[in-house]
Number of protein chains: 2
Amino acid sequence: MAARGPYAKGVAKREEILTAALEVIARQGYRKTSTKELAAAVGLSEAGLLHYFGSKEKLFEAVLRARDEADVDRFEESDLIGKLTAIIRHNSDVPGLVQLYSTFSAEAGDPQHPSHPYFVERYARLRESLADAVRARQSAGTFSPAADPEVIATVLIALSDGLQVQSQFGLPVEPADLLTQVVGLLGSAGGAVDS
Amino acid sequence: MAARGPYAKGVAKREEILTAALEVIARQGYRKTSTKELAAAVGLSEAGLLHYFGSKEKLFEAVLRARDEADVDRFEESDLIGKLTAIIRHNSDVPGLVQLYSTFSAEAGDPQHPSHPYFVERYARLRESLADAVRARQSAGTFSPAADPEVIATVLIALSDGLQVQSQFGLPVEPADLLTQVVGLLGSAGGAVDS
DNA sequence: GTCTATAAAGAGATAGAC
DNA sequence: GTCTATCTCTTTATAGAC
């Protein structure tokens, strides 16, 4: 997948920066991760770094966007609900990722935050896709038809986010296992599923 | 409950600061809330403010501690699960609270954060109390005995946290209503509940 | 209990050279 | 595409007077 042409170097550098950002966050924590340290991690000056992303927020947003895109491709085995579980399971293996995601998205809750619109769009999109997956399972008879797909989708997202935050403070169970359990519980509630 | 004696003024001022902190966060957003602005909101200098709480983090932690304590007393009608729903419902009426809670707790996910230990303890305590409430409902026959109380407790907390984050980006349903629905679903799954 | 003053550091971003 | 240099602003926290 090596890009060629005049932009090859720039593209590679961008990707190097996105990867390094997570390493820095893992090492220093999100709070203490400044453009200065981000730049140092990839052997650039602050000005050099900002040349690629314009601002710290855009950089972090780019890390998360890249993750989302990669996650869609990975884990081809099952539907989006299954994928979500796989993603949660693997997220804890990427130091810094949970810290970045939870803190950055919480900050972006402020309507003034430059990445607020990104998250509004992202959550809406994810909710719709997940609702589609619920409907598909209902058609296949593997999920209770009594459930409202939009509600289940919203719940699944909230659960993923909330479990990942909680996992940072110590959890008696693996978040991914918990999610699997809840999907089973929710899917069978209200009856009418093969058993 | 008006305190008297030599500390009365200090106590009142502390409470005034805690209340004002939420107002400032609601107005400026968490990111842009500095000790300078916090101080101005209560007519103190930065040094005057820090006299009471020592640091910005301790101040924010105190806001959250005070909330938790007040929440336990409010809403006496039902058990902790019912209370949780009532709390979620009312949290959205307090501008700045969701923003403070979600961002501050996410930041505190960093083990180096001064309030990390506070959240570790808080989540453990909340999980235990909620698990007790689940057990009580199971004994009363109003919650599926098939469910693991600790798992349900963890799920309920994650859901509350996750829904409140999501609500900042627009939600098709009221978080509290959603929580109620899920409690019903989870409580009936696995059968053996009066209906 | 509160202030002034100030430290001391760190932030994000830009201009302009190379 | 990258750097040096620098700006400007803001941050949290402290020392010491009142």
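Note that the coordinates shown come from a computational prediction; the quantities given were computed from them, not determined experimentally. Below, read A as the first sequence line, B as the second, and so on, with proteins coming before strands; counting in each chain starts at 1.
If you take CZ of A/F53 and C1' of C/dA13, they are 17 Å apart, rounded to a whole angstrom. For the pair A/L44 CG and D/dT4 P, the computed distance is 11 Å after rounding to whole Å. For the pair B/L49 CG and C/dT4 P, the computed distance is 14 Å after rounding to whole Å. Taking atom NZ on B/K36 and atom C1' on C/dC3, their separation rounds to 14 Å, with Å as the unit. Straight-line distance from the NE2 atom of B/H51 to the C1' atom of D/dT14: 14 Å, rounded to whole Å. Between the C1' atom of C/dG12 and the NE2 atom of A/H113 lies a distance of 13 Å, rounded to the nearest Å. Rounding to whole angstrom units, NZ of residue A/K32 and P of C/dA9 are separated by 15 Å. As rounded to whole Å, 6 Å separates atom P of D/dA13 from atom CG of B/L50.
When heavy atoms are screened at a 4.0 angstrom cut-off, B/S45 is found touching base atoms of the nucleic acid.
Nearest to the side-chain atoms of A/S34 among the listed nucleotides C/dA11, D/dT11, C/dA13 stands C/dA11. Considering only side-chain atoms of B/A47, the nucleotide from C/dA11, D/dC3, D/dA15 that sits closest is D/dA15.
Side chains of B/E46 and B/T35: a donor on one and an acceptor on the other come within 3.5 Å.
B/E23 has no carboxylate O lying under 4.0 Å from a charged side-chain N of B/R27, or vice versa, which leaves the two without a salt bridge.
Here the side chains of A/K32 and B/D110 are not in contact, with every heavy-atom distance at 4.5 Å or above.
Residue-to-nucleotide proximity on DNA chain C shows that, of B/K13 and A/K56, the 5′-proximal contact is made by B/K13.
Using bins of under 30°, 30° to 60° and over 60° for the plane-to-plane angle, the ring pair A/F60/A/Y30 lands in the tilted bin.
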